[in-house]
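Here's the structure we're looking at; comments come further down.
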Amino acid sequence: MIEKLLLHLGRIARQLWFRVVLISIISVLALLLAPLAKPWLPDNLSEDFGREAVLPVLTILASGMLAVTTFSLNVMVSAYRTAASMATPRVYRLLLEDTVTHRVLATFVSGFIYSLSAVILFRAGYFTPEGALVVFGLTVIVVVLIVGAILRWIDHLSSLGSMDHTLRLIESRARASLRARMKKPCLGGLCAREEAKPEDAVDIPAAKSGFVRYAGLSRLNELAEEAGTQITLARAPGEYILRGQPVAWATAGDNDFCKAASAAIDIGDVRSFDQDPSFGLTLLAETAQRALSPGVNDPGTAVEVMGRLERLLWENMLADETSGTREATYPNVSIPPVTAKHLLHCAFPPIARCGSDSPSVMRWMEKSLDALGGHPNPDMAEAAKEMCREVKDGRWG
């Protein structure tokens with residue numbers, strides 16, 4: 001339960017409204033608590049930096065920040081739609097999690113709410129002269145933060161929505177997902193072997209149709225321990241499943257056990273980076289496919305994408321999970337491992353199918369696969385050599 005709660009909290013924290021609401025609440029609380037600072041303030045400053053000094057500034061902020069926020073939102077939506085049309089539509093959801101944009105817009109919106117709230121409280125006679133002095137100090141801090149946000153926003157706008165920014169964002173998320181899986185092979189469970197499912201196994205049906213987004217291994221392991229059984233996931237995160245199909249199976253268990261185990265596996269309409277290290281590679285490959293389409297005809301972008309794919313697979317290759325000796329954190333749960341062959345098939349074949357008529361693209365692909373053929377991980381090296389032979393034979397053309 002705690003694991004699933006943390007998952008949802010993490011997803012909420014990556015949404016734009018979360019930072020806006022959080023910082024706005026902090027700014028309003030600071031205003032409401034301003035009169036409490038009266039004992040620590042000198043009386044002679046209240047006359048010079050009181051109501052008459054701060055109220056005009058607050059009025060300007062209240063009117064100006066609303067216009068700046070509206071303009072910035074329009075720019076953000078336009079830039080994100082442009083990026084999605086140039087790369088892949090699925091990158092739009094990733095762009096919405098851009099932390100720089102979140103911080104800037106949260107600063108603008110909270111500045112508007114702060115100044116508007118302060119004006120209302122002044123008109124209502126809430127602030128004493130000492131409280132007005134505190135508001136003056138808070139307003140100076142807010143102005144400094146807004147100026148810093150504007151400068152950061154200007155710098156960010158120079159790349160927002162561009163292909164370079166989009167590719168960097170996808171690569172960054174893909175790298176984080178790959179490294180997380182490197183540190184926790186098979187998500188801390190046992191690696192499922194390619195063995196036949198026992199005839200007396202109990203199917204754990206999927207609660208809904210969609211992509212497997214997250215498997216709560218901690219909860220599954222707890223349920224398996226209580227029931228004295230072993231759970232094996234039939235579908236790894238990133239795979240699609242229909243409602244009622246077995247998303248996992250157990251060596252034993254009743255209906256209540258199956259319902260509880262099914263609830264520990266999150267299924268949604270779209271894929272997620274949380275436990276799916278191949279999703280970022282798929283987005284990069286889709287971007288290269290879009291660049292190679294007849295309407296775009298940009299082989300240079302496809303070559304750049306392959307360079308990023310090569311770098312990701314070389315620097316963040318998963319450990320050999322099927323033969324690893326790491327002790328499992330959740331020994332009662334097994335999950336299919338993410339193999340080097342699977343990662344390569346997510347990355348290069350889609351590009352080969354669309355770029356078979358471009359000699360420069362195919363040469364770069366052969367070069368990338370040759371380089372990965374020298375990877376210190378034997379599984380990656382063997383899979384890359386095999387795929388390189390297939391590319392040269394024209395299998396993916």
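Predicted model only: the values in this text are computed from it and were never measured.
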Considering only heavy atoms from C-beta outward, does the side chain of [X] approach that of [Y] to under 4.5 Å?
X	Y	result
E366	K392	yes
S334	L233	no
T287	V91	no
I146	M65	yes
S368	L309	no
E286	P350	no
D200	T251	no
T329	L187	no

Do other residues, nucleotides or ligands put more than 12 heavy atoms under 6.0 Å from the [atom1] atom of [X]?
X	atom1	answer
D269	CG	no
D155	CG	yes
W153	CH2	yes
N255	CG	no

Out of curiosity, does [Y] fall in the hydrophobic cluster containing [X] (side-chain heavy atoms, cut-off under 4.5 Å, transitive links)?
X	Y	result
W364	V305	yes
V140	I113	yes
I335	I241	yes
I60	F122	no
V57	I141	no

Might you point out which heavy atoms bring [X] and [Y] nearest each other, and give the distance in Å?
X	Y	result
A250	I204	CB-CD1, 4.4 Å
L217	G188	CD2-C, 4.4 Å
R213	I267	CD-C, 3.9 Å
G161	M86	O-CE, 3.1 Å
Q230	P331	NE2-O, 3.1 Å
P299	L292	CA-CD2, 3.9 Å

Give a yes or no answer on whether the side chain of [X] reaches the backbone of [Y] with a donor-acceptor pair at less than 3.5 Å.
X	Y	result
H156	V104	no
H375	M380	no
Y214	D266	no
S209	R243	yes
R235	Y240	yes
T139	V135	yes
S115	F112	yes
Q245	L242	yes
S78	V75	no
R181	Q275	yes

(request) Any chance you could lay out the side chain to side chain donor-acceptor pair (under 3.5 Å) test for D276 and S278, step after step, and finish with the verdict? (result) CA-CA 6 Å; D276 185 5; S278 63; 2.8 Å; yes
(message) Using side chain to side chain donor-acceptor pair (under 3.5 Å), reason through T101 and R19 one step at a time and then give a plain yes or no.
(response) CA-CA 10 Å; T101 303; R19 295 198 184 199; over 6 Å; no
(request) Given salt bridge (Lys or Arg N to Asp or Glu O under 4.0 Å), test K367 with D370 step by step and report yes or no. (result) CA-CA 5 Å; K367 177 183 175 182; D370 281 335; over 6 Å; no
Polar side chain donor-acceptor pair, [X] to [Y], under 3.5 angstrom:
X	Y	answer
R93	S272	no
S218	N221	no
S72	N74	no

(message) If we check side chain to side chain contact (heavy atoms under 4.5 Å, CB included) with Y114, which of these qualifies: V28, L145, V109, L58?
(response) L58
(request) Classify the angle between the aromatic ring planes of F273 and F279 as parallel (below 30°), tilted (30 to 60°) or perpendicular (above 60°). (result)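 F273 vs F279 ring planes: tilted.
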(request) Please assess K341 against E382 for the test salt bridge (Lys or Arg N to Asp or Glu O under 4.0 Å), listing each intermediate value before the final yes or no. (result) CA-CA 9 Å; K341 187 174 182 179; E382 181 59 32; over 6 Å; no
(message) Any carboxylate oxygen within less than 4.0 angstrom of a Lys/Arg side-chain nitrogen, looking at D256 and K259?
(response) no
(message) Just verifying a value: how many Å separate L312 CG and R179 CZ, rounded to the nearest 0.5 Å?
(response) 9.0 Å
(message) How long is the straight-line distance from CG of L105 back to CH2 of W17, given to the nearest 0.5 Å?
(response) 15.5 Å
(request) Any chance you could lay out the side chain to side chain contact (heavy atoms under 4.5 Å, CB included) test for I265 and V212, step after step, and finish with the verdict? (result) CA-CA 7 Å; I265 301 174; V212 178; 4.0 Å; yes
(request) Could you give me the CA-CA distance, side-chain angles and deciding distance for R175 and E171, then say whether salt bridge (Lys or Arg N to Asp or Glu O under 4.0 Å) is met? (result) CA-CA 6 Å; R175 181 181 294 108; E171 183 181 4; 2.8 Å; yes
(message) Checking R219 against E222 for the salt bridge (Lys or Arg N to Asp or Glu O under 4.0 Å) test, could you report, in this order, the C-alpha distance in whole Å, the side-chain angles of both residues, the deciding distance, and whether it holds?
(response) CA-CA 5 Å; R219 175 60 176 163; E222 179 183 340; 3.4 Å; yes
